[in-house]
Amino acid sequence: MDAKRAIISALPTFGTNQHVKKIASLPKPEVKAAVMEKIKRNLYRDQTELFGDSVVAEAVEIYEIIVKSHQENIIEIPPIDMVQQEVCVWCERFDLDTVSGFTYQPQGEEIPVVELTGERKIDTIGVRQEAYTKDNPVQQLVSELID
């Protein structure tokens, strides 16, 4: 059990190893030797492991089985290299005719409102053009009461 755990904890760190280009590279002898070396370093890192030699011997025996299981149970994502092509920038002279072609009409001053309660009633909120007068507020109020 310790050997299996040691192999499983060591395998993910080999994604950046020079010998491992993809998951199919894990059964190679040089990768196996590197994994076993990593297992030895992990076992003897903190303290002397009493059964370290037997764990490493067991890891050598079950390495292929664990790697095969690892290959079957993961989804390998291939590396993506983003290479930008050379950017070409240029500017050409042009004449801007402002006499004709700029006859844009002002947008309407109404906001359409649709109720989403199921009835789908449509209404508009608008601005009355008389609201832009420069009368004082009292004159505007009297004017509204007369209308």
For Glu64, the salt bridge (Lys or Arg N to Asp or Glu O under 4.0 Å) test, sequence neighbours excluded, returns Lys32

Linking I/L/V/M/F/W/Y whenever their side-chain heavy atoms sit closer than 4.5 Å, directly or via other members, would Val67 and Ile65 fall into one cluster? no

Tell me, do Glu92 and Trp90 make a side-chain contact under 4.5 Å, heavy atoms counted? yes

Kindly indicate whether the side chain of Val113, heavy atoms from C-beta on, has any atom under 4.5 Å from the side chain of Thr124. no

Heavy-atom side-chain contact between Pro27 and Lys68 under 4.5 Å: no

What heavy-atom pair brings Ile7 and Tyr63 nearest, and what distance separates the two atoms? CD1-CA, 3.9 Å

Can you list everything that forms a salt bridge (Lys or Arg N to Asp or Glu O under 4.0 Å) with Lys40? Sequence neighbours excluded, please. none

Check whether any side-chain heavy atom of Lys121 sits under 4.5 Å from a side-chain heavy atom of Val114, and report yes or no. no

